[in-house]
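Notes to accompany the following structure.
Read the numbers this way: they start at 1 and go in the same order the structure lists the ligands and their atoms. A quick note: this is a predicted structure, and the numbers were derived from the prediction, not measured.
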Amino acid sequence: MTNAIAYTKISTDEFKTSKLYSNSSFFLLKNVDLASSALGTTVVDVTDDFFAPANMMLNPEPAIYCPERFVDTGSWMDGWESKRHNPTYDWCIIKLGFAGSFEGFDIDTSYFTGNQAPAASVEGAYCPEGDVQANDVQWTEILPKVVLPPNCQNIFTLEKTSAVYTHLRLNNYPDGGIARFRAYGEVHPTLPKDINELVDLVYVGHGGRSVQVSDEHYGPGDFLVLPGRGENMGDGWQTARSRVEGYSDFVVFRLGAKGHILQAEVDTSHFKGNFPRQIKLEGTYSESVVPEKDAKWSTLVEPSSTGAHGVFYFNTAHTDKVFTHAKISIIPDGGFKRLRLYGIREGGKIPTLPIVSPSIPKNLITAEPLTSEAYAAYGQVIQAGFAEFVTSANQGTAEKHHQVAQVVNNFPNGKGKMHMCVFHCRPTNELPFTVKLLERHPYSSQAFIPMTDNKSRGYLAVVALNGADDKPDMSTLKAFVATSKQGINYNPGVWHHPMVALEYETDFAVVVHESGVPADDCNEVDTPHVVVQVPGYHIF
Ligand SMILES: NC(=O)N[C@@H](O)C(=O)O
């Protein structure tokens, strides 16, 4: 169907002041690149991407060029590149992370100099469910066939906003390479039907958009409201270093829906040396896209500290008020990964406060520091300084801390033999850590004693007592963070997770009795999944 929208091709310089990019109040909102993989957009199907995979077009990072790099199909290219001599044309169907309407496109042929796609067009389809390639799905041309010079951005603004689509089809005439495909527009918000449901009012999928940013030197303010928690610091908002006394950076968001803001979540994941010393949150009500200069701002969260690589929750003031915009300030500068503003839309029923953040998994426990007292029901901590009986030893050159742990052999008929071994443990790369199984040694205690070269952040001990059904009693599940100066001894029959070393490879000397009969030496069971967050590590 060809009812393409009239368009204007603009230069790269004009882009920064065009409606596609500018977040000044003169133009419409700064548009978001709905084709970005950062929004969850993916390639559904492509006719051919022999030289380079189509999904690379969706990478939010700019394309790069590595002329010296070759792969088995030819030159390595950063983008989509189909093979030569297509008698008709290639196409690529992408499923948008969020349905949206469009203001323009950038079909970027950077670094494709003799193998670029000479021409392209863009179509859209609205197919929230089912197969977008089914015969009854209607595809509408949004951008007609346009010429693509090599090695440059090709930016097209539409004379009017397109309809709302869930999928785009990029047609590549007849074949060749496209480095990046940007589809600038606005998310078509999908908010829960139940107005009393707690929602993240600033989330991009709910229509949240940045409308003013003081500085986004290293990463755009929009990144704060993207899905997920990103992969690294590049997925967050980050400013330049300020050198002015009393300075602070900020982002003003227009909420996806006006409402009561009840709790703020600030995620500083991967911001380990540049997280904000403090944050401040304000709200206002304005019918304008960008609040007026004299807008009245209410302080929802007074300047409050954050920290490295973590998630911080702040209950807000003025929960009775309805806001249309929120302003998050970072003092003095820096950056963080995500901002969530949990609230109730105007007209909805405000729940009992404070709320429990919906981002905290229901099956979450937090690891606590390992101490003899806290661990007593499960076994003993092997460390100096806590024994009841200490004597001088080694001609006065040492102290002997007596009987810090009970080494127990309950094997019947003397079947168990004491063994010492070493566990060389690689650190977990999964934090928060999900417990899915536990093990026990029915007849023997088991001691783990770290032997580190001081490169250890310690380890995680997850334990549970035995239940009446002879399975782990999950109500007694606890998680402890042990330092590299603490050993741990599991009492016979105490359920525990296999060793979880943190951050560095760690060797453990292990003392246990074994009979050589597997069922008597160790039992392992699957458990309901429990998420363990470890303070100071990547946490929810
Ligand atoms: N990527 C790549 O090698 N492309 C060229 O070989 C070509 O366009 O055929």
So, [X] and [Y]: side-chain donor and acceptor under 3.5 Å apart, yes or no?
| X | Y | result |
| --- | --- | --- |
| Ser11 | Asp13 | no |
| Glu103 | Thr157 | no |
| Tyr173 | Ser121 | yes |
| Asn86 | Thr88 | yes |

Identity and distance of the protein heavy atom lying nearest atom 9 (O) of ligand 1: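 The answer is Arg84 NE, 2.6 Å.
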Ligand 1 contact on Glu81 by region, counting heavy-atom pairs under 4.0 Å: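 Contact part for Glu81 vs ligand 1: side chain (C-beta onward).
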Lys/Arg N to Asp/Glu carboxylate O, Lys83 vs Asp48, below 4.0 Å: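 A salt bridge is present here (some side-chain N lies under 4.0 Å from a carboxylate O).
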Atoms in ligand 1 with a heavy atom of Met77 nearer than 4.0 Å: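 This gives 1 (N) as the contact atoms.
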Numbering as shown, the atoms of ligand 1 that approach Gly74 to under 4.0 Å (heavy-atom distance):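 Those of ligand 1 that fall under 4.0 Å from Gly74 are 3 (O).
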Any N or O of Ser75 closer than 3.5 Å to N or O of ligand 1: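 Min N/O separation from ligand 1 is below 3.5 Å for Ser75.
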